[in-house]
Amino acid sequence: MQRLKRRADFLAARDGKRAPAGAFFVQVRNRHDAAEPRIGLTVTKKTGNAVERNRIRRRLREAAKNVMSAAGKPGFDYVLVARREALGAPFAALVKDLERALKKVHDRSG
RNA sequence: UCAGUCGGCUGGGCGGCCGCGGCGCAUAUCGCGUCGAGGAAAGUCCGGGCUCCACGGAGACACGGUGCCGGUUAACGGCCGGCGGGGGCGACCCCAGGGAAAGUGCCACAGAGAAGAGACCGCUUCGGCUCACGCCGCAGCAAGGGUGAAAAGGUGCGGUAAGAGCGCACCGCGCUUUCGGUAACGAAAGCGGCACGGCAAACCCCACCGGGAGCAAAGCCGAAUAGGAAUGGCAGCGGGAGAAAUCCCGCGAUCCGUCUUCGGAUUCGCUAUUCGGGUUGGCUGCUUGAGGCGGCGCGCAAGCGCCGUCCCAGAGGAAUGGCCGCCGCGCGGGAGCAAUCCCGCCUUACAGAACCCGGCUUACAGGCCGGCUGAUGCU
């Protein structure tokens, strides 16, 4: 699973479609190419201290890993922006929310 | 046993499946092995290493820091030992602890008086008035009261009209000498009738220390695009001369001299190659170090020396995670006379390496160990 590492990619995704997903929300950008889907994670300092931010990032990454192979489409970048609730939410719920959000985004875009 | 005080340690364990980062091996595409957060990784408050910049030496001035003595260290504002002061029955704890006879300044409020001070209440001889209690006046005084953070040595005895270092003893203080101690300092003796209030976290004086910036330091490699320089090739627009190469005039543009005028230079463009700078990016710096552990020796200790042994995170939108099982701990609830058993808890504090070390400071659920002190009980 490819990760977003450049600021420019994050900025591009910020202008794309977004969908709420419970403890976080998803921003999507269509790169219009055939490469595999990529994900990026945004956890701001407002969310908590370093330990909490790391934990949130890891849980979201793990959830994305479970979901992306099935629900992610080639040529798309997905940025998951965490809210504080992602720290304590059950893992199963994170996975479910992400699946639902991706479905919603792609249905809407056709 | 209770109360207290000081110091140290720990910060869940085992296993399964699926993953992540580094390194090694490899059939180099599947894989295998191995290692992978902390005591504070935190705050970034000190001290260093390292890198770049600046700098001839030395000194002076300014600014900042430190401030009892000795030791320790690469260094420190750290640490260890000691001294002095204060607190506690004690173990022990606390101290921004140089200089106030170098100078300047400040000491609010209260109070009569706040630094060569002062007399509000008060005490007393004498004189006057009054039968008397007492009142008034001149003078002497500062014991007692009162104000204050602080009132110009303290306590006691003598002394006196009342008093006062006025005299004496002890304590304190100052000076001198001797002794002990490396020293800070301590002890003793003698002398002095007491001078020298506090504040230096007011300015200041003295001693010592200090160049600046930081791994986004610094070095290397370097794409596209734009721009710079050099060289080669082709080459502006209009008109004229010529067979042509080419030359002349005008126009535009750029540059130069001083803005204009005027004068000079270029042919400014396109293209190719090369060079230099350089952003995104990549690599190095990047983890072997004042290193960890063990033993021996020296030292009261901080620490030092020798020997052996180990390699123990190196990410970079930043790896150490997700889901389970069993055990353990804690809390809550229930059953039971009890031992114990059952159920529940999003089961664990503070917190995530970012160049590396030495400290300091701050945060921290629960648990463990040891030294010492006081009280009580038993022998």
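Per chain, numbering begins at 1; letters A, B, ... match sequence-line order.
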Base orientation of G198(B), syn vs anti, 90° cut from 0 = anti
Specify the glycosidic conformation (syn or anti) of G111(B), with syn defined as within 90° of 0.
-> anti
G321(B) to C20(B) separation - C1' atoms, rounded to the nearest Å = 7 Å
K46(A) and R84(A): side chain to side chain contact (heavy atoms under 4.5 Å, CB included), yes or no, with the steps?
-> CA-CA 9 Å; K46(A) 282 189 294 186; R84(A) 192 171 167 74; over 6 Å; no
Quote, to the nearest angstrom, the C1' distance that separates C355(B) from A213(B).
-> 16 Å
NZ/NE/NH1/NH2 to OD/OE distance under 4.0 Å, E62(A) and R59(A) | no
Taking the same atom, C1', in G299(B) and in G71(B), what whole-Å distance lies between them?
-> 11 Å
Taken to the nearest whole Å, CZ/R84(A) to C1'/C346(B) is 15 Å
Using the closest heavy atom to pick a nucleotide of RNA chain B for each, name whichever of L87(A) or V51(A) lands nearer the 5' end.
-> L87(A)
Whole-angstrom distance between G116(B) and C92(B), as gauged at atom P = 48 Å
Partner of A149(B) under the Watson-Crick or G-U wobble criteria, both distances under 3.5 Å, comes out as none
Qualifying salt bridge (Lys or Arg N to Asp or Glu O under 4.0 Å) pairs, either residue in residues 90-100 of chain A, two or more places apart = D97(A)-R100(A)
Per the O4'-C1'-N9-C4 / O4'-C1'-N1-C2 angle with a 90° window around 0, U274(B) comes out anti
Rounded to whole angstrom units, what separation is found between the CZ atom of R53(A) and the P atom of G317(B)?
-> 15 Å
Anti versus syn assignment for C17(B), with syn defined as within 90° of 0 | anti
What distance, rounded to whole Å, do you find between the two P atoms, one in G84(B) and one in C68(B)?
-> 16 Å
Kindly indicate whether the side chain of V79(A), heavy atoms from C-beta on, has any atom under 4.5 Å from the side chain of T42(A).
-> yes
In whole angstrom, give me the gap between the P atoms of C329(B) and G314(B).
-> 37 Å
Using the purine O4'-C1'-N9-C4 or pyrimidine O4'-C1'-N1-C2 torsion, is A152(B) syn (within 90° of 0) or anti?
-> anti
Whole-Å gap separating P (A349(B)) and CG (N49(A)) = 12 Å
For A162(B), the nucleotide meeting Watson-Crick or G-U wobble distances (both under 3.5 Å) is none
Rounded to the nearest Å, what distance is computed from the CD atom of residue E85(A) to the C1' atom of nucleotide C346(B)?
-> 15 Å
Full working for side chain to side chain contact (heavy atoms under 4.5 Å, CB included) between R55(A) and R58(A) = CA-CA 5 Å; R55(A) 183 159 178 78; R58(A) 286 164 179 160; 5.8 Å; no
C1'-based separation of G330(B) from G291(B) [nearest Å] = 39 Å
State the CG-CZ distance between L41(A) and R61(A), to the nearest 0.5 angstrom.
-> 7.0 Å
All N/O donor-acceptor pairs, side-chain side in residues 22-30 of chain A, below 3.5 Å, sequence neighbours left out:
{"residue": "R29(A)", "atom": "NH1", "partner": "D77(A)", "partner atom": "OD2", "Å": "3.4"}
{"residue": "N30(A)", "atom": "OD1", "partner": "H32(A)", "partner atom": "N", "Å": "2.8"}

Whole Å only: how far is the CD1 atom of I56(A) from the C1' atom of G352(B)?
-> 14 Å
Which nucleotide, in any strand shown, forms a Watson-Crick or G-U wobble pair with C17(B), with both distances under 3.5 Å?
-> G322(B)
May I ask which nucleotide in the shown strands pairs with C179(B), Watson-Crick or G-U wobble, both distances under 3.5 Å?
-> G186(B)
Round to a whole Å and report the spacing from CD of E52(A) to C1' of G352(B).
-> 12 Å
Are L102(A) and K73(A) close enough that some pair of their side-chain heavy atoms sits under 4.5 Å apart?
-> no
Can you tell me the Watson-Crick or wobble partner of C2(B), both distances under 3.5 angstrom?
-> G374(B)
In 5'-to-3' order, the base (B), backbone-only (S) or no-contact (-) status of each nucleotide in nucleotides 320-325 of chain B, using a 4.0 angstrom heavy-atom cut-off, is BBSS--
For U288(B), the Watson-Crick or wobble counterpart (both distances under 3.5 Å) = none
Complementary nucleotide for A28(B) - Watson-Crick or wobble, under 3.5 Å | none
Rounding to the closest angstrom, what is the interatomic distance between G148(B) and G165(B) at atom P?
-> 26 Å
Under 4.5 Å between side-chain heavy atoms, hopping through other hydrophobics if needed: is there a path connecting L60(A) to F91(A)?
-> yes
Identified pairing partner of G193(B), criterion: Watson-Crick or G-U wobble below 3.5 Å | none
